[in-house]
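These notes concern the structure reproduced below.
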Amino acid sequence: MNISNAVSIVLVEPSHPGNIGAAARAAKTMGIESLVLVNPKRFPDPEATVRAVDAADILERATVCISLKEAVRSCTFVVGTSMRKRGLPCPQILPRQLGSRVGHELKRGPVAIVFGRESSGLSNDELDLCQYVTAIPSMSSLNLAAAVQVICYEIFMAAGEHDTVDCEDALATSMELERLFEHLQTVLLEIGFLDPRQPKLLMRRLRHVYQRARLTQVEVNILRGILSATQNPASQ
Ligand code: SAH
């Protein structure tokens with residue numbers, strides 16, 4: 001897997017088609033060719049095509065999804081971009097470290113870098129789908145396509161440093177992790193550990209624990225087996 005086919009730039013609900021085109025162009029200049037759009041306000045749109053210049057092919061091949069969850073379902077490394085401070089922050093990674101980390105991650109599965117709305121960025125629920133969040137050091141927030149350019153530049157600069165082959169177990173995909181979290185939540189409700197009237201940040205904290213662990217598919221199966229056994233102790 002390489003940066004051209006296995007790194008996706010995901011734009012969540014972009015409202016300006018010009019930004020979609022400019023983001024496609026920014027990605028292509030850095031060798032990244034996969035663009036995923038979650039509920040774009042206007043797409044396809046002539047303004048996007050004009051702003052894409054030589055990257056119109058990327059727009060033609062862009063995938064449109066109805067949710068971020070669907071957009072990243074097959075990815076094994078998902079990173080959100082945000083400069084906003086959060087109550088319970090997701091683990092942070094600097095753009096430069098991210099560039100080099102992506103090279104390693106590509107040996108294990110597809111990578112998604114997620115960008116937020118021009119008006120309001122990414123929601124906490126959307127950041128819950130991410131293993132890390134990265135903030136570009138800046139005085140104020142960048143234009144969406146400018147943020148795509150900076151992140152893609154870091155990935156491009158670090159590419160090529162990682163050409164050895166790892167033979168590690170397959171990592172769990174985002175979809176497999178989401179199923180684990182749903183299963184975990186169900187069981188925690190069933191056993192009375194999670195109080196639906198006062199859920200607080202329990203699920204978000206548990207997500208952070210499991211996201212840090214970079215679970216493999218085998219490990220997710222073991223954890224889900226334990227959850228099933230908790231639900232049906234007699235059948236074991
Ligand atoms: N007003 C929004 C910012 C929107 S900028 C907010 O308060 O969150 C649109 C998107 O560009 C952001 O969601 C993020 O994906 C990206 N972006 C802009 N500036 C950034 C920065 N300094 N670091 C990381 N991402 C940034």
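For the single chain, residues carry numbers from 1 onward in sequence order. Indexing begins at 1, ligand by ligand and atom by atom, following the structure's order.
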**Q.** Which atom of Ala26 lies closest to which atom of Val148, heavy atoms considered
**A.** CB-CG1, 4.2 Å
Taking [atom] as the reference point, the nearest protein heavy atom with its distance:
{"atom": "atom 15 (O) of ligand 1", "answer": "Thr81 OG1, 2.6 Å"}
{"atom": "atom 12 (C) of ligand 1", "answer": "Gly116 N, 3.9 Å"}
{"atom": "atom 19 (N) of ligand 1", "answer": "Leu142 N, 2.9 Å"}
{"atom": "atom 9 (C) of ligand 1", "answer": "Arg117 O, 3.5 Å"}
{"atom": "atom 2 (C) of ligand 1", "answer": "Gly121 N, 3.7 Å"}

May I ask you to check whether [X] has an N/O atom sitting below 3.5 Å from an N/O atom of ligand 1?
{"X": "Ile136", "answer": "yes"}
{"X": "Ser141", "answer": "no"}
{"X": "Leu122", "answer": "no"}

Q. If you group Ile, Leu, Val, Met, Phe, Trp and Tyr whenever their side-chain heavy atoms sit less than 4.5 Å apart, what else falls in with Met139?
A. none
Q) Is Arg207 salt-bridged to Glu178, cutoff N-O under 4.0 Å? A) yes
By number and element, which atoms of ligand 1 are closer than 4.0 Å to a non-hydrogen atom of [X]?
{"X": "Ser138", "result": "22 (N)"}
{"X": "Phe115", "result": "15 (O)"}
{"X": "Ala135", "result": "23 (N), 24 (C)"}
{"X": "Ala147", "result": "11 (O), 16 (C), 17 (N), 18 (C), 26 (C)"}
{"X": "Arg84", "result": "6 (C), 7 (O), 8 (O)"}
{"X": "Ser119", "result": "1 (N), 2 (C)"}

Q: Report the C-alpha separation of Glu126 and Val12 in whole Å, then their side-chain angles, then the decisive distance to 0.1 Å, and conclude whether the side-chain contact (heavy atoms from CB on, under 4.5 Å) test is met.
A: CA-CA 9 Å; Glu126 286 157 351; Val12 177; 3.6 Å; yes
**Q.** Asn19 side chain to His16 backbone, donor-acceptor under 3.5 Å
**A.** no
Q.
Keeping Glu154 on the side-chain end and Ile151 on the backbone end, is there a donor-acceptor pair under 3.5 Å?
A. no
Q.
Pairing donors with acceptors under 3.5 angstrom, does anything connect the side chains of Asp125 and Ser123?
A. no
Q) Between Glu118 and Ser15, does any side-chain donor sit less than 3.5 Å from a side-chain acceptor? A) yes
Q: Sequence neighbours left out, what passes salt bridge (Lys or Arg N to Asp or Glu O under 4.0 Å) with Arg214? Give chain and number order.
A: Glu105
Q: With heavy atoms only and a cut-off of under 4.0 Å, state how Ser82 meets ligand 1: side chain, backbone, both or neither.
A: backbone
**Q.** Sub-4.0 Å heavy-atom approach of Thr134 to ligand 1
**A.** yes
Q | Asn124 vs Leu88 side-chain heavy atoms within contact, under 4.5 Å | A | no
